[in-house]
Amino acid sequence: MPIYEYHCESCNKDFECLVFGNEQPDCPSCKSKKLNKLMSAASFFSKGSHGQTVKAGASSSACGGCAATSCTSCSH
Ligand SMILES: [Zn+2]
């Protein structure tokens with residue numbers, strides 16, 4: 001489903017809109033078409049875990065025996 005998020009430049013309202021093809025939506029509150037298309041983040045965030053940011057490298061330890069990110073720093 002192509003749901004896009006828009007920001008209305010006329011009334012500064014953010015809203016989500018289902019857009020088919022090249023349809024140009026207008027603002028639901030002021031009917032302006034001066035909209036900024038935002039990244040479709042709604043579906044992305046709903047799937048994610050609650051604020052658990054996994055730092056690349058920190059959680060994927062190269063060493064299975066300890067928390068070190070590299071086995072050069074331990075004896076495993
Ligand atoms: Zn508006």
Side-chain angles (χ1 to χ4, degrees):
M1 283 292 223
I3 299 179
Y4 296 109
E5 201 171 344
Y6 289 89
H7 174 83
C8 176
E9 290 190 354
S10 293
C11 66
N12 287 324
K13 186 179 174 66
D14 291 332
F15 64 96
E16 289 172 7
C17 191
L18 251 173
V19 179
F20 297 100
N22 292 320
E23 222 173 280
Q24 176 72 28
D26 49 14
C27 175
S29 63
C30 73
K31 304 299 178 191
S32 170
K33 285 185 182 277
K34 285 181 68 178
L35 307 173
N36 277 331
K37 193 174 175 185
L38 305 177
M39 294 292 291
S40 182
S43 57
F44 176 76
F45 281 122
S46 62
K47 280 182 215 161
S49 50
H50 294 283
Q52 286 180 3
T53 49
V54 179
K55 285 177 188 169
S59 63
S60 60
S61 172
C63 178
C66 67
T69 54
S70 170
C71 281
T72 56
S73 59
C74 68
S75 58
H76 292 115

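Predicted, not measured: the structure shown is a model, and the values here were computed from it.
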Worksheet item: What residues, two or more places apart in sequence or in another chain, satisfy side chain to side chain contact (heavy atoms under 4.5 Å, CB included) together with N22?
Response: none
Fill in: S29: partners by side chain to side chain contact (heavy atoms under 4.5 Å, CB included), with sequence neighbours left out
C11, K13, C27
Item to complete: Would you give the length of the straight line joining atom OH of Y4 to atom CG of L38, rounded to the nearest 0.5 angstrom?
Response: 12.5 Å
Fill in: Interatomic spacing from OH in Y6 to CG in D26 - rounded to 0.5 Å
10.5 Å
Worksheet item: With a 4.5 Å limit on heavy-atom distance, are the side chains of L35 and E9 in contact?
Response: no
Discussion item. In the structure I gave you, are the side-chain heavy atoms of L18 and P2 within less than 4.5 Å of one another anywhere?
Written reply: yes
Discussion item. Other residues, nucleotides and ligands only: do more than 12 of their heavy atoms fall within 6.0 Å of NZ on K33?
Written reply: yes
